Amino acid sequence: MPRGTDEVSEPMYYVLAALLDGPMHGHAIMGVVTELSGGRVKPSVGTLYGILERLSDRGMIAVDREEPVGGRNRRYFRITDSGTTVVESEAQRMLRAATLVMKRTAPA
């Protein structure tokens with residue numbers, strides 16, 4: 001899989017893809033990202049929260065809600081319309097690139 005575009009890196013792509021299922025908290029996002037990527041992308045807690053901050057700054061995700069858990073607030077994130085557009089565009093870009101190669105290497 002490509003390492004990403006100027007718009008989103010590969011880990012950002014998987015975070016956005018994970019949030020297509022609905023709002024999630026950080027540790028749940030980490031698990032889904034690892035699953036979706038087939039284990040290719042395993043962000044650490046620090047890396048994940050940096051990604052979440054950058055995606056939030058770009059308006060691609062937003063805080064959905066906070067819930068108290070064990071005396072601390074658990075923050076849930078949701079994808080925005082902008083984030084959905086970006087992840088769909090990136091998926092289409094990768095599909096076009098893969099199709100180009102598959103057509104060129106397929107037996108005649």
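Owing to the predicted nature of the structure, the values given are computational and were not obtained by experimental measurement.
- In this structure, CG in L36 is found 13.0 Å from CZ in R40, a value given to the nearest 0.5 Å.
- Enclosure of atom CD in E53 is not indicated, since only 12 or fewer non-hydrogen atoms of other residues, nucleotides or ligands lie within 6.0 angstrom.
- Between atom CG of residue N73 and atom NE2 of residue H25 there is a gap of 13.5 Å, rounded to the nearest 0.5 Å.
- Nearest heavy atoms, P23 versus R65: CB-NH1, 3.9 Å.
- A donor-acceptor pair under 3.5 Å is formed between the side chain of R54 and the backbone N or O of G50.
- With a 4.5 Å cut-off on side-chain heavy atoms, P11 and T47 do not count as touching.
- Summarising the geometry of P43 relative to V33, their closest heavy-atom pair is CD-CG1, 3.9 Å, with the distance given to 0.1 Å.
- By the neighbour-count criterion of 12 heavy atoms within 6.0 Å, atom CG of D57 is densely surrounded, having more than that number from other residues, nucleotides or ligands.
- Hydrophobic clustering of Ile, Leu, Val, Met, Phe, Trp and Tyr side chains at less than 4.5 Å, counting indirect connections, keeps Y76 apart from M30.
- Rounded to the nearest 0.5 Å, atoms OG1 (T105) and CG (L100) are 9.5 Å apart.
- Annotation: the span from I29 atom CD1 to T34 atom OG1 amounts to 11.5 Å, rounded to 0.5 Å.
- Hydrophobic clustering (ILVMFWY, side-chain heavy atoms < 4.5 Å, transitive): V41 and V45 are in one cluster.
- For D64, the salt bridge (charged side-chain N to carboxylate O under 4.0 Å, His left out) partners at least two apart in sequence or on another chain are R78.
- Remark: of the listed residues V15, L55, I61, I61 is the sole one forming a side-chain contact (heavy atoms from CB on, under 4.5 Å) with F77.
- Taking CG from L19 and CE from M60, the interatomic distance works out to 12.5 Å, rounded to the nearest 0.5 Å.
- Taking OG of S82 as the reference point, atom CZ of R58 lies at 10.0 Å (rounded to 0.5 Å).
- For residues 44-75, no residue pair satisfies the ring pair (Phe, Tyr, Trp, His ring centres under 6.0 Å) rule, not counting sequence neighbours.
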